Amino acid sequence: MALNVLGTALQTCSLDPLTGFTRNGCCETGPQDRGSHTVCAQVTAEFLEFSRLRGNDLSTPRPEYGFAGLRAGDRWCLCAARWQEAAEAGVAPPVVLEATHERALEVASLAELKYHALLGA
């Protein structure tokens, strides 16, 4: 059973849009997930722009990959390093702690994730 950063069972991040490295709705990870898509975040317009400027456009639809594009308010499993980079730049999107995989702690501190926790998630 996968655990979240709080040490309890990993919860679903999003089924609409369907997220996760394996597209099962959870921020699970494994050896093939070199980007560590472990942070469940509710993306903001500021973060989407930040990510686009860093070369990862998450808002433009890519039908060839079955990707409709994200909008502010969508929940998505983000690469832990990109989330940490956004936090350092002051544009980190809010985090759903119960749906953030414990491996995110290899990149971001629990204190930092809690600081950015989505209230009432």
Side-chain angles (χ1 to χ4, degrees):
M1 174 177 69
L3 299 177
N4 61 37
V5 295
L6 302 174
T8 59
L10 184 67
Q11 301 298 306
T12 299
C13 180
S14 175
L15 297 174
D16 185 20
L18 187 58
T19 191
F21 181 74
T22 61
R23 292 297 189 266
N24 67 354
C26 294
C27 298
E28 295 175 334
T29 190
Q32 299 84 8
D33 181 14
R34 296 189 309 197
S36 187
H37 295 78
T38 52
V39 176
C40 178
Q42 185 168 305
V43 297
T44 62
E46 294 80 13
F47 172 78
L48 291 171
E49 179 64 8
F50 175 82
S51 187
R52 186 185 69 76
L53 292 172
R54 298 294 184 284
N56 188 15
D57 183 355
L58 296 171
S59 54
T60 300
R62 298 290 304 267
E64 66 272 27
Y65 298 114
F67 180 66
L70 299 178
R71 293 169 297 187
D74 287 341
R75 290 187 181 181
W76 195 250
C77 295
L78 299 177
C79 292
R82 177 54 47 88
W83 184 89
Q84 182 62 42
E85 181 184 9
E88 291 169 5
V91 294
V95 174
V96 181
L97 296 172
E98 295 81 5
T100 295
H101 194 281
E102 66 182 343
R103 292 230 5 233
L105 297 174
E106 295 173 5
V107 176
S109 72
L110 182 57
E112 183 85 8
L113 292 166
K114 283 184 173 181
Y115 178 80
H116 291 282
L118 182 64
L119 301 177

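Because the structure is predicted, anything quoted here is derived from the model rather than measured. All heavy atoms count here, side chains included; hydrogens, waters and symmetry mates do not.
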Roughly how far, to the nearest 0.5 Å, is the [atom2] atom of [Y] from the [atom1] atom of [X]?
X      : Y     : atom1 : atom2 : answer
Cys26  : Leu18 : SG    : CG    : 9.5 Å
Glu49  : Ser59 : CD    : OG    : 7.5 Å
Cys79  : Arg34 : SG    : CZ    : 11.5 Å
His116 : Gln84 : NE2   : CD    : 8.0 Å

Are the gamma sulfurs of Cys40 and Cys13 separated by less than 2.5 Å?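 With an SG-SG separation under 2.5 Å, Cys40 and Cys13 do form a disulfide.
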When you measure from the side chain of [X] to the backbone N and O of [Y], does any donor-acceptor pair fall under 3.5 Å?
X     : Y     : value
Thr38 : Ser36 : yes
Ser51 : Asn56 : yes
Ser14 : Asp16 : yes
Asp33 : Gly30 : no

Taking the side chain as every heavy atom from C-beta outward, state whether [X] and [Y] have any atom pair closer than 4.5 Å.
X      : Y      : result
Pro94  : Leu119 : no
Leu118 : Arg75  : yes
Val107 : Glu112 : no
Leu70  : Pro17  : yes

Is atom CZ of Arg54 surrounded by more than 12 heavy atoms (other residues, nucleotides or ligands) closer than 6.0 Å?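 Yes - once you tally the heavy atoms of other residues, nucleotides and ligands closer than 6.0 Å, there are more than 12.
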Considering non-hydrogen atoms only, spot the tightest contact between [X] and [Y] and give its length.
X     : Y     : value
Leu3  : Ala9  : CD2-N, 4.2 Å
Ala41 : Pro93 : CB-CG, 3.7 Å
Ala45 : Ala72 : N-CB, 3.7 Å
Leu97 : Leu6  : CB-CD1, 4.0 Å

Option passing side chain to side chain contact (heavy atoms under 4.5 Å, CB included) with Leu105 (candidates Thr100, Asn4, Leu110):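 Of Thr100, Asn4, Leu110, side chain to side chain contact (heavy atoms under 4.5 Å, CB included) with Leu105 is met by Leu110 alone.
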Under the side-chain contact (heavy atoms from CB on, under 4.5 Å) criterion, do Leu58 and Asp74 qualify, and how do the steps go? CA-CA 11 Å; Leu58 296 171; Asp74 287 341; over 6 Å; no
Could you walk me through whether Thr29 and Glu102 pass the side-chain contact (heavy atoms from CB on, under 4.5 Å) check? CA-CA 10 Å; Thr29 190; Glu102 66 182 343; over 6 Å; no
Result of checking Phe47, Phe21, Trp83, Phe67 against Trp76 for ring pair (Phe, Tyr, Trp, His ring centres under 6.0 Å):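 Answer after filtering Phe47, Phe21, Trp83, Phe67: Phe67.
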